[in-house]
2 protein chains.
Amino acid sequence: MDIEPLHRRIASDIERRIASGEWRPGFRIPTEAELMAEYGCARMTVSRAMTDLSARGLVVRRRRAGTVVAHPPVHSSALVAIPDIQSEIEGRGLAYSHQLLLRIVRPSRADEDGMGARLIELETLHLADAMPFTLERRLISLTTAPEAEHADFTAAPPGGWLLAHMPWTEAEHRISAVGADGETATRLGLSDGTPCLRLERRTWRDGLAVTWAWQTFPGAAYDLVARFSPTQSPMKTPIKE
Amino acid sequence: MDIEPLHRRIASDIERRIASGEWRPGFRIPTEAELMAEYGCARMTVSRAMTDLSARGLVVRRRRAGTVVAHPPVHSSALVAIPDIQSEIEGRGLAYSHQLLLRIVRPSRADEDGMGARLIELETLHLADAMPFTLERRLISLTTAPEAEHADFTAAPPGGWLLAHMPWTEAEHRISAVGADGETATRLGLSDGTPCLRLERRTWRDGLAVTWAWQTFPGAAYDLVARFSPTQSPMKTPIKE
DNA sequence: GAGTGGTCTAGACCACAAT
DNA sequence: TTGTGGTCTAGACCACTCC
């Protein structure tokens, strides 16, 4: 049986009182000295609990002024998680599969700045229960990832291969709305101009471009959802090993 | 002059070695005892630095096995920040303004479940340098926020008013692609069916629905961008007070 | 000046997992 | 069994900032 550490119990207690509305934004939380007495523990233990809450943005601590429940951000931005395609499909209880439609090794063009001199261009269709789910067009820099030239992208989709062989250190995502153009519409079984969600993703490894991918989702069939409270952010990226 | 705490200096040192690629995923980081010797400090100080890195997912700590540099997530999900409209416009150096197009107080319909018995329906056009930027349709529950009935939404846009008067404790966002329908297209100055990014946002306060809003952005003019490394998440929500 | 949090120490015992 | 991290103590000094 795993007992809950005291510092986490203290933090949870306070978090619950904030979440329930018992302690409203601006409410002054008991001082460390008072919490020491309440929980009968050393100051470091209380301090750790409060530091954790502060790091998560639930409370604001200021010397002399004490610790108060934080106000929600006034200009509230929010976060949406972009799921991995395969996880997304399997998470819906559907069977994931993919088809490699195109594979070309070629020099990079002027508008593909930063992708290195030679690259692979791929087109992959991702399917959920054998129905088209996403069309992905992807470039992989052979300067940064020369091994990609000999990878079998019919076996594993390029996204998964890259994560296993070329973990990124930096990424950029862009979400926009586009109309399905001729070829994309055909591949996805849509009529021309159907609104689609376009997810553009670029990654780098130590400053060198690894890949640049565009994924097009039928607008009606796919959307990005995020639900959270200020208490628990969606930043729960599971890390292996 | 503010000196950097030692625990943060230790964490930064290690972070830098990970980011630079000097310490690759799987690399075993010196033990706490070794770091104590290296920095000439107590174990608690080293421990705090490592605990911080662990909480941020940069390293994985296991008893007996030691601390190793984390592998990037295999099924990598990522996050995109949804900015506040006004900040977004002003951040681009444009002048923000807004027009209230519609304001109705009415009973809620069956498909507006959870919004309370009476609500306000609003339609607001957000402009950047006097050009249409977003059309927003919004419901506000008068059960949860009765003060909204007397608020002047021509002065402050409803989103800002709500954040000031009814901070949420829970939120849900949904991003999808839609074609501009007749009225939306007219308001935004688009032709019918133009692909648009639709941002749906619902918020709750202690379990009670506060608001439900749909914002439609011209697909060509707007997109969501997020750039980050695993080291520094985009989770940089500024908190007031 | 005094109250509050921020950091740090030099120990201690325990939990867990690899051997 | 033993090495490693996880937690905790009982102090200490300092940095801020409100009064």
Side-chain angles (χ1 to χ4, degrees), chain A residues 1-15 17-18 23-71 236 238-241, chain B residues 1-15 17-18 23 25-71 238-241:
Chain A
M1 151 153 169
D2 203 6
I3 59 152
E4 187 182 29
L6 181 54
H7 68 83
R8 205 173 316 143
R9 212 192 100 206
I10 298 174
S12 303
D13 281 356
I14 292 169
E15 184 177 340
R17 283 189 266 208
I18 294 175
W23 288 353
R24 298 257 151 184
F27 177 88
R28 183 169 160 163
I29 284 175
T31 65
E32 295 194 343
E34 289 164 341
L35 289 169
M36 281 171 66
E38 179 176 343
Y39 288 94
C41 66
R43 191 175 149 226
M44 272 291 297
T45 307
V46 172
S47 178
R48 169 151 185 196
M50 304 304 285
T51 303
D52 288 351
L53 292 176
S54 172
R56 292 167 49 200
L58 267 79
V59 301
V60 174
R61 317 194 74 197
R62 266 159 46 205
R63 289 169 163 119
R64 168 79 199 196
T67 303
V68 299
V69 177
H71 283 95
K236 291 278 169 56
I239 302 276
K240 284 235 314 190
E241 166 149 358
Chain B
M1 153 154 167
D2 203 7
I3 59 150
E4 187 182 30
L6 180 54
H7 70 81
R8 204 170 319 139
R9 211 192 100 206
I10 298 174
S12 303
D13 282 355
I14 292 170
E15 186 177 338
R17 282 190 266 209
I18 293 175
W23 288 354
F27 176 87
R28 184 170 161 164
I29 284 176
T31 66
E32 296 195 344
E34 289 164 341
L35 290 170
M36 281 172 64
E38 180 176 343
Y39 289 94
C41 65
R43 189 173 152 229
M44 272 291 298
T45 307
V46 171
S47 179
R48 170 149 185 198
M50 304 304 283
T51 303
D52 288 352
L53 291 175
S54 172
R56 292 168 49 202
L58 267 78
V59 303
V60 174
R61 316 193 74 196
R62 264 159 45 205
R63 289 169 164 120
R64 170 79 200 200
T67 302
V68 299
V69 177
H71 284 95
I239 302 274
K240 283 234 314 188
E241 168 149 356

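Residue numbers start from 1 in every chain, and the chains themselves are labelled A, B, ... in the order their sequence lines are given, proteins ahead of strands. Small disclaimer: the values here were computed from a predicted structure and weren't measured. Only this structure's heavy atoms are used, side chains among them; waters, hydrogens and symmetry mates stay out.
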Item to check | Side chains of Glu4(B) and Ser12(B) in contact at under 4.5 Å (non-hydrogen atoms) | outcome: yes

Could you list the donor-acceptor pairs under 3.5 angstrom formed between side-chain atoms of residues 36-44 of chain A and any protein atom two or more places apart in sequence or on another chain?
| unit_1 | atom_1 | unit_2 | atom_2 | d |
| --- | --- | --- | --- | --- |
| Tyr39(A) | OH | Asp13(A) | OD2 | 2.6 |
| Arg43(A) | NE | Glu32(A) | OE1 | 2.5 |
| Arg43(A) | NH2 | Glu32(A) | OE1 | 3.3 |

Item to check | Nearest non-hydrogen partners of Ala70(A) and Gly57(A), listed with the distance | outcome: CB-O, 3.4 Å

Checklist entry - Can you give one letter per nucleotide of nucleotides 6-12 of chain D, going 5' to 3': B for a protein heavy atom under 4.0 Å from the base, S for sugar-phosphate only, - for none? => result BBBBB-B

Item to check | side-chain contact (heavy atoms from CB on, under 4.5 Å) partners of Thr67(B), counting only residues at least two apart | outcome: Ile29(B), Met50(B), Val59(B), Arg61(B)

Checklist entry - Is a side-chain donor or acceptor of Arg28(B) paired with a backbone partner of Ala65(B) at a separation under 3.5 angstrom? => result yes

Checklist entry - Could you give the CG-to-C1' distance, from Leu35(B) to dG3(D), as a whole number of Å? => result 15 Å

